[in-house]
Protein chains: 2
Amino acid sequence: MGETPDTSTDAPNSQNREIVCYCPLGGVMDILSRRYAMQVICVVGAIGPARYSEIEDAFGGVSSSTLSTRLDELVEAGYLSREQYAEIPPRVEYDLTASGEQLCQRLDPILEWAEEQEAGRVPGEDGT
Amino acid sequence: MGETPDTSTDAPNSQNREIVCYCPLGGVMDILSRRYAMQVICVVGAIGPARYSEIEDAFGGVSSSTLSTRLDELVEAGYLSREQYAEIPPRVEYDLTASGEQLCQRLDPILEWAEEQEAGRVPGEDGT
DNA sequence: GTTCGATACTTCGGACTTGACAGTATAAAC
DNA sequence: GTTTATACTGTCAAGTCCGAAGTATCGAAC
């Protein structure tokens, strides 16, 4: 994609342009668009069965309330599984479900790319 | 990041687990985690140079203030270009930059997968 | 027997983000 | 003079996120 697919005539726009509707994406994308959602999937994918505190540590300073909410949503949506052991102190392990792994595979390229972008960025260059 | 490395007896996992830090992803992921951000990239990637109203139409009922903010951020971040023509009524065209296209390539698999998930979902099946 | 420690969360008030809807600017068409 | 078209901006209410502090459990320490 990317090479102006159907502009064979000289008009630069407004030919029989197909408008694709992105509305039905709602469900999944709404979940992924919440803060840390994509990173949580990839963190759990990276370190296998992951305990709450391990996930928390993988981020710099995420608030526990936000992380907890995110984990709940991801479990509810079927991308993560949650296993609680009857031990003291308590132990809870999160892991990817089959859906979660499919998602993680598609998410990883983005996270890797994001990492490269951040690494190659010279501080103070983009004029924030 | 430190964890007890000698719990090999009571825990079924916890080898020399490497904790990867996901903090530096901040910049890019924060932008992508805002509402409609990923979809906007893919919509513009799909319909080439895209006018504001075309992007608006591709979504069901996005609010204009949110979409406008999102476009500004994406332009500011260097993923979209914005060209304004001195015409009446006004015409503005958004397109992917080189960075934007790289991002779009990595985003497309997710959007496609999300579409499949939504399509194959039977209402009331996921056990709430 | 009282305090301490460990883990995985909740709860709280305030800050930030989003949504709905109305309004702005311009010039041609009627 | 009024209408039409586009690409936004403004305003206010509702929703979401944040950090800090608190909760629950039970064994171990004192």
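Below, chain A is the first sequence line, B the second, and so on; all start at residue 1.
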Item to check | Between C1' of D/dT6 and CG of B/D57, the distance in whole Å | outcome: 12 Å
Checklist entry - Looking at C/dC21, D/dA20, D/dA7, which one has an atom nearest to any side-chain atom of B/S64? => result C/dC21
Next on the checklist: Check the phosphate of D/dC8 against B/Y94, side-chain N and O only, distance under 4.0 Å to OP1 or OP2. Yes or no?
Outcome noted: yes
Next on the checklist: From CZ of A/R91 over to C1' of D/dC26, roughly how many Å is that when rounded to an integer?
Outcome noted: 16 Å
Next on the checklist: Tell me whether B/S33 contacts the main-chain N or O of A/S33 through its side chain, where contact means a donor paired with an acceptor under 3.5 Å.
Outcome noted: no
Checklist entry - Passes side-chain contact (heavy atoms from CB on, under 4.5 Å), B/M38 versus B/L103? Steps please. => result CA-CA 9 Å; B/M38 295 186 279; B/L103 186 51; over 6 Å; no
Item to check | Sidechain-backbone polar pair: B/R106 side chain, B/Q102 backbone, donor-acceptor under 3.5 Å | outcome: yes
Checklist outcome for this item: Closest to the side chain of A/R51, out of D/dT9, C/dA8, C/dT18, is C/dA8
Checklist entry - Whole Å only: how far is the CZ atom of B/R34 from the C1' atom of D/dC17? => result 11 Å
Checklist entry - How far apart are the C-alpha atoms of A/Y36 and A/F59, what are their side-chain angles, what is the distance that settles it, and do they pass the ring pair (Phe, Tyr, Trp, His ring centres under 6.0 Å) test? => result CA-CA 9 Å; A/Y36 305 115; A/F59 295 96; 5.3 Å; yes
Checklist entry - Is the shortest side-chain N/O distance from B/Y36 to OP1 or OP2 of C/dG19 below 4.0 Å? => result yes
Next on the checklist: Is any side-chain heavy atom of B/V62 closer than 4.5 Å to one of B/R70?
Outcome noted: no
Checklist entry - Between atom CD1 in A/I88 and atom P in C/dC4, what is the gap in whole Å? => result 19 Å
Item to check | Whole-Å gap separating P (C/dA8) and CD (A/Q84) | outcome: 10 Å
Item to check | For atom CE of B/M29 and atom P of D/dC17, their distance in whole Å | outcome: 15 Å
Next on the checklist: Is the shortest side-chain heavy-atom distance between A/T69 and A/E73 below 4.5 Å?
Outcome noted: yes
Checklist entry - What is the distance from CD of B/E56 to C1' of C/dT18, rounded to the nearest Å? => result 15 Å
Item to check | Protein-nucleotide distance (B/R82, atom CZ; D/dA7, atom P), rounded to Å | outcome: 10 Å
Next on the checklist: Over all strands shown, is B/Y85 touching base, sugar-phosphate only, or nothing at heavy-atom distances under 4.0 angstrom?
Outcome noted: nothing
Checklist outcome for this item: Residues in residues 65-73 of chain B with a heavy atom under 4.0 Å of DNA chain C, by number, are B/S65, B/T66, B/R70
Next on the checklist: Does B/I31 form a side-chain contact (heavy atoms from CB on, under 4.5 Å) with B/L74? I'd like the steps, not just the answer.
Outcome noted: CA-CA 8 Å; B/I31 288 174; B/L74 260 13; 3.5 Å; yes
Checklist entry - Within the structure shown, what part of the strands sits under 4.0 Å from A/S53 by heavy-atom distance: base, sugar-phosphate, or nothing? => result sugar-phosphate
Checklist entry - Within the structure shown, what part of the strands sits under 4.0 Å from A/S63 by heavy-atom distance: base, sugar-phosphate, or nothing? => result base
